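Source: prediction; values computed, not measured. Naming: A, B, ... by sequence-line order, numbering from 1 per chain.
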Number of protein chains: 2
Amino acid sequence: MTESALPTVICTVDVVLLTLQQGALQVALLRRERAPFAGALALPGGYIHAQEDADAQASAARVLRDKAGLQSPYLEQLATFSGPVRDPRGWSLAVAYCALVPPEVLAQAPLTLVPVAELPALPFDHRAMVDAAVARVRSKSQYSSMPVHLCAEPFTLPQLQAVYEAVLGEPVNKVSFRRKMDELAMLEPVPGALQGGGAHRPAQLYRVRPAYRRNLSLSARGL
Amino acid sequence: MTESALPTVICTVDVVLLTLQQGALQVALLRRERAPFAGALALPGGYIHAQEDADAQASAARVLRDKAGLQSPYLEQLATFSGPVRDPRGWSLAVAYCALVPPEVLAQAPLTLVPVAELPALPFDHRAMVDAAVARVRSKSQYSSMPVHLCAEPFTLPQLQAVYEAVLGEPVNKVSFRRKMDELAMLEPVPGALQGGGAHRPAQLYRVRPAYRRNLSLSARGL
DNA sequence: ACAATAGTGTCTGTTAGACACTATACT
DNA sequence: AGTATAGTGTCTAACAGACACTATTGT
């Protein structure tokens, strides 16, 4: 067996870009310009460019930048999907990534937001990728700070709690939630910044401490 | 940009095969027969064969079968490693898998067991793969039944507890451990089968219930 | 004053772990 | 009988959630 005798494997990346809007997780889809499945809504994705990409994650970041005009949101490798039939062009391998952004960032991006609960039929195995991403986000939200990436800074604790509740799909205990956020020591109040506007006590605004901006904060137990 | 103009990405799989021996996690290494790094100890791995493999996991299973003579142990996708420098042959992508087997299975396999705490220098980025596998196993052992795959059936609860303690690197509370195993409902006693031999009360032998043989059992909380 | 939400103090039920006890083998 | 480990009953400390209270704004 020689290297050159091996049939080529088609190497791509796909990004499951999730955000929160109208209290529901939404996945960002893009209308495909090229075959296969030209004209269909699908996950943003593309070939790995061995000439320029430092690794598959860089490919995913490049895809996000070129196709959605976004740069460096939270980006995490999800899983790799492969096989002879998932792509009509041949045996293919796609490294799937999960990105989380606050909805404000997507304002003028050429993306179609679809609630993950009402997914249309998707080409390739993009449905499985979305399902894996949603499961991952729900799971990690139970014991980590992952959902803060869905919240534009600065935000109030009630806002962040609403994000957790939307992702988890169930109400969260206020006292426990605030205790945990305090223990995680990941947020800091913005001095003197309060969110007013309502006919009630204004809420303290918080931001993520610099040390936690890139890394998630994990809790030993739940919430 | 055309498809055919893309430089080829070298697509491989690598398997981090872990077992437990002398109370410590051990990784199974294989001496490489071919360049690059011929003669060096490395993870079992190989090219994806697009002609025959149903997906990358099938490639990993094939590598395990052909190079170690093992079939269908617990096999889970870990992560994908990629980039221009990890392999001297060029831009490469390796899907890493984690396999768990009881030590008895490796009896006559042509593998070198090395404690993960005393890893030698490894070629490629195999060190990062081993680290990722060990971290995954330690993490999942805290809330799932994963370690049962390191135990040959049938086993006693004290034996299984020792496996958990070896993986986690810390003692486990006996009462809590048995409560959790009971709650997970994943084990069933082998009727009338007791493990004697010592100068003390014999222990009940257990096996994994068929429904849980392939799937892990997860606990909402720890242990 | 009132309404509405932010934020906190405290109580209680649940759960994990510590400890001590019983059970059952072999010597 | 003595010893060693298997297996269980029970107490306690830690923790998550429920509830109720105070705080602070706009109307």
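Across all their heavy atoms, Leu216(B) and Met146(B) have their closest contact at CD2-CA, 3.6 Å.
Side-chain to base pairing of Arg179(B) with dG17(C): one donor and one acceptor N or O lie within less than 3.5 Å of each other. Taking 3.5 Å as the limit, the base of dG7(C) and the side chain of Lys174(A) contain a donor-acceptor pair of atoms between them.
Residue Ala199(A) places its side chain closer to dG26(D) than to any other of dG7(D), dG26(D), dA18(D). Here the nucleotide nearest the side chain of Pro202(B), chosen from dC19(C), dG7(D), dA25(C), is dA25(C). Picking from dA16(C), dC19(D), dA6(D) the nucleotide with the shortest atom distance to the side chain of Ser176(B) gives dA16(C). Side-chain proximity of Arg201(A) to dA18(D), dG7(C), dT8(D): nearest is dG7(C). Distances were taken from every side-chain heavy atom of His200(A) (C-beta onward) to each of dT8(C), dA18(C), dA4(C); the shortest belongs to dA4(C).
Rounded to whole Å, the distance from CZ on Phe177(B) to C1' on dT15(C) is 17 Å. Regarding Leu168(A), its CG atom lies at a distance of 15 Å from the C1' atom of dA16(D), rounded to whole Å. Residue Gln195(B) contributes atom CD, which lies 14 Å from atom P of dT5(D) at whole-angstrom precision. Taking atom CG of residue Leu160(A) and atom P of nucleotide dT5(C), one finds them 19 Å apart after rounding to whole Å. Here the C1' atom of nucleotide dC19(D) and the CZ atom of Arg178(A) are 16 Å apart, to the nearest Å. Taking atom CD of Gln204(B) as the reference point, atom P of dT8(D) lies 10 Å away to the nearest angstrom. When the C1' atom of dG7(C) is taken as reference, atom CG of Leu205(A) falls 14 Å away, rounded to whole Å. Rounded to a whole Å, the CG atom of Leu187(B) is 12 Å from the P atom of dG7(D).
The side chain of Lys180(A) contributes an N or O atom lying less than 4.0 Å from OP1 or OP2 of dA16(D).
Separation of atoms CG (Leu184(A)) and CZ (Arg209(A)) is listed at 11.0 Å; rounding is to 0.5 Å.
Proximity of a side-chain donor or acceptor of Arg31(B) to a complementary backbone N or O of Ala40(B) within less than 3.5 Å is not detected. Side chain of Arg207(B) to backbone of Val190(B): no donor-acceptor contact under 3.5 angstrom is found.
Mapped onto DNA chain D by nearest heavy atom, Glu183(A) and Gly197(A) fall at different nucleotides, with Glu183(A) at the one closer to the 5' end. Toward the 5' end of DNA chain C, the nearer of the two residues Leu194(B) and Val175(B), judged by each one's closest nucleotide, is Val175(B).
Relative orientation of the Tyr74(B) and His149(B) rings is parallel, given thresholds of 30° and 60° on the angle between their planes.
Note on Gly198(B): only backbone sugar-phosphate atoms sit closer than 4.0 angstrom, heavy atoms only; bases stay farther off.
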